[in-house]
2 protein chains.
Amino acid sequence: MVELAPESTQRPRVTRQDVARYAGVSSAVVSYVVNDGPKKVAPATAARVVDAIEVLGYRPNAAARALKLGSPEMLGLIVPDSTNLFFAEMAHAVEQAASERGYALLTANSAASLTKENNHLRNFRSRQVDGVLLASGLSDPDLSQLVGSDMPVVLLNRSGPREGIPTIGVDFRTGAATGVRHLVEHGHKDIGLVMGRDASSLSDDHRELGWLDALQEAGLPEGPIVRTSFDREGGYSAGRRMFSGPRRPSAVFVSSDMQAVGVMRAIHELGLSVPEDVAIVSFDGSPEAEYSWPPLTTLKQPVREMAEDAVKMLTSRTGPPAGDHHVYATELVIRRSCGCVQPSFEGREP
Amino acid sequence: MVELAPESTQRPRVTRQDVARYAGVSSAVVSYVVNDGPKKVAPATAARVVDAIEVLGYRPNAAARALKLGSPEMLGLIVPDSTNLFFAEMAHAVEQAASERGYALLTANSAASLTKENNHLRNFRSRQVDGVLLASGLSDPDLSQLVGSDMPVVLLNRSGPREGIPTIGVDFRTGAATGVRHLVEHGHKDIGLVMGRDASSLSDDHRELGWLDALQEAGLPEGPIVRTSFDREGGYSAGRRMFSGPRRPSAVFVSSDMQAVGVMRAIHELGLSVPEDVAIVSFDGSPEAEYSWPPLTTLKQPVREMAEDAVKMLTSRTGPPAGDHHVYATELVIRRSCGCVQPSFEGREP
DNA sequence: ATGAAAGCGCTAACAT
DNA sequence: ATGTTAGCGCTTTCAT
């Protein structure tokens, strides 16, 4: 028996064995009471065990449990950039959903780099994570890490299904079309597009398709397009580019709130104003959109619902359904940037 | 020996034993190769092992490693709200720093609730996390979970030291004073204060003290104070309150960028403009401040440095230094909201 | 240079 | 109702 030096404040780790000894039972019984099963324990015995746990300050060792069970009760999340409010909200919602189910959340940033995504995937895999939520920065993430692995993955922020992997996303095309249609209803005939662009721009972004849909349906010509990075700086430079020339569109559809904020900054700096000179509708519905000036009319993604959904899939008894694609609808949130709302009547009292 | 049914695509988990068998060595050798130590292995043997690993698709099991080593090579981060851009940046920087050192990061949100903070702390502890970074929403977080534990903690976003625990933070007082002094230099005589307030508002926020310092030093009277929650909504309602009356200050110091954004929304809705009618200086220096309209003059916290510092402490061989307080300076970033910069000359080409 | 084996703390099937 | 015990996959000391 090892005795602790009295001056040491760091007690040696208390194990289930110690508790068992103290309570005068076997370690199995301790397990039963800690996990509330799988066997019943007599109330009196259980009380003694609980007491022992209390007195000794026993904490179960999650690593041992993870090893035994083959599950660390932990999910992994990969986003391009958790500093992007849209992904920050996503991460927050995922953490919440996971936490409610007793899962911890590992968060990782990929900066939309294939290499980093892969590293994190590999890392998560070696940690035996119970599932990973991948909001890839790439339109076509490399999932070869996953073959032959039993680590379930769900793809977030997707516009379409992907062979063998469950995916979740919003209907980008319909959403964008709704937004552009709204601009059309405001009487705009020249509607530009500021689009994001992913690192490996292989496939079309469906928001662009939606923009086109609405234009064609109204018999309008394609306005100017600027493709830029998915951040404020990208929006800013796109805005400078699109609005400094003499022939500028009277409205733009912007592929994310973050970019829209940059676009508006550019517009303001050019001495123009929103929505008087340029009307804007953007995409995402992040908190950023509500508190920009003017507040942005935007297509809100149901982030919490999607996060819940993904976590549910990953933590369900049966595992996620291969290849399913869950599509969510966006909601057009009308604020000032499209020209609808007057300054003092923001839906709040004046 | 268990045979895998041929139609199954899920191979049974490959262990170090399998690799050893395949390479014709012992499992110890595999360990030596994988971990590059502690023993040397003959190049030829090592090559065989590497090959076996490749062929078999072996992945080390982190749970087993964690159990054996007593360390999951994982850090935990608790923030009040990862959706707050300031904390989002912090989380991002911490993740980066941790990742560079081979640590994964568990992220948790406390919503500034003592109970949640404690739950996460307990959870992290049972996971044997190598260290936790706690950006508490409370001025006086409950650290009783920690006694007798060997889980090091560092407190982030602190204005002062705390007995026995290393802390990191910015010099709130000096920073705030610098900001307010800047407003004074602009000629303002009536400078209000919008302060955040933590859930258990026991102690003074040092930003308030800094505001006072600058006022006194200039012989100015205390302007109006509104205390509100640390979010956009809080700033908004504070703004409505402070600026709708007839006697409104000509400038405000706001305790965070996030709140300042809310304050500006309120100001705009009241038909006032920034900085003409009201000059603003805020605190944090988050990306939000650069892209608001007008862009905010703000005291930038060196978030990445502090994150690096914290992670370094936690992952250092020696463990974090008990009770040390690391103070960082803020930097006054001048933009439009204080009245300094003209619209078209944002430090970029016009 | 390599191998055998103990054991990290836990769970649960199988005794009793 | 409770106890015994065999691993989970890994690291590392101590042989060889």
Side-chain angles (χ1 to χ4, degrees), chain A residues 2 11-50 52-53 56-74 125-130 149-150, chain B residues 2 11-50 52-53 56-74 125-130 149-150:
Chain A
V2 181
R11 315 166 223 165
R13 180 145 250 300
V14 179
T15 77
R16 178 223 50 190
Q17 265 302 344
D18 303 317
V19 175
R21 200 152 29 227
Y22 186 95
V25 297
S26 80
S27 66
V29 172
V30 178
S31 258
Y32 302 150
V33 346
V34 168
N35 303 335
D36 197 23
K39 293 282 182 63
K40 293 239 155 290
V41 173
T45 324
R48 266 178 20 248
V49 172
V50 169
I53 289 176
L56 266 25
Y58 166 71
R59 310 276 173 208
N61 178 326
R65 190 181 153 88
L67 175 57
K68 181 65 183 181
L69 297 188
S71 149
E73 291 166 305
M74 205 161 74
R125 183 170 174 189
S126 84
R127 286 173 190 275
Q128 315 265 129
V129 146
D130 296 293
S149 120
D150 58 347
Chain B
V2 182
R11 317 167 222 164
R13 181 147 248 301
V14 179
T15 77
R16 178 223 52 191
Q17 265 302 344
D18 303 318
V19 176
R21 201 154 26 228
Y22 187 95
V25 298
S26 81
S27 66
V29 173
V30 179
S31 259
Y32 302 151
V33 172
V34 169
N35 302 335
D36 197 22
K39 296 279 183 65
K40 293 238 155 293
V41 173
T45 323
R48 267 181 15 252
V49 172
V50 169
I53 289 175
L56 265 26
Y58 166 72
R59 311 274 172 209
N61 178 327
R65 190 180 153 89
L67 175 57
K68 182 66 184 180
L69 260 26
S71 150
E73 290 166 308
M74 205 161 72
R125 183 172 173 188
S126 83
R127 286 174 190 274
Q128 315 267 130
V129 145
D130 296 293
S149 120
D150 58 347

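Small disclaimer: the values here were computed from a predicted structure and weren't measured. The figures here come from the full heavy-atom set of this structure, side chains too, leaving out hydrogens, waters and symmetry mates. Order of the sequence lines fixes the chain letters, A, B, ..., with proteins taken first and strands second; residue numbering starts at 1 for each chain.
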Base, sugar-phosphate or nothing for [X]? Non-hydrogen atoms, less than 4.0 Å.
X	value
A:V41	sugar-phosphate
A:S31	base
B:V25	sugar-phosphate
A:S27	base
B:A42	sugar-phosphate

side-chain N/O [X] vs [N] OP1/OP2, d < 4.0 Å:
X	N	result
B:T45	C:dA1	no
A:R65	C:dG9	no
A:N35	C:dT11	yes
B:T15	D:dG9	no

Legend entry - Partner of A:V30 under side-chain contact (heavy atoms from CB on, under 4.5 Å), chosen from A:T15, A:V50, A:V25, A:N35: A:V25

Between the side-chain atoms of [X] and the base atoms of [N], is any donor-acceptor pair under 3.5 Å?
X	N	result
B:K68	D:dG9	no
B:Y32	C:dG3	yes
B:K39	C:dT2	yes

Inset, instruction - Taking B:D130 for its side chain and B:S71 for its backbone only, find out whether a donor-acceptor pair lies under 3.5 Å. - result: no

Legend entry - B:R127 side-chain N/O to A:P72 backbone N/O, donor-acceptor pair under 3.5 Å: yes

What's the [atom1]-[atom2] distance between [X] and [N], to the nearest Å?
X	N	atom1	atom2	result
B:R59	D:dG9	CZ	P	16 Å
B:D150	C:dG9	CG	P	11 Å
B:L69	D:dT13	CG	P	11 Å
A:D18	C:dG9	CG	C1'	11 Å

From the options [options], select the nucleotide whose nearest atom is closest to the side chain of [X].
X	options	value
B:R16	D:dG3, C:dT11, D:dC10	D:dC10
A:L67	D:dG3, D:dG9, C:dG3	D:dG9
B:A28	C:dA5, D:dG3, C:dT11	C:dA5
B:A64	C:dC10, D:dG9, D:dT2	D:dG9

Inset, instruction - Report the residue (B:P43 or A:N61) whose heavy-atom-nearest nucleotide on DNA chain C is the more 5′ of the two. - result: B:P43

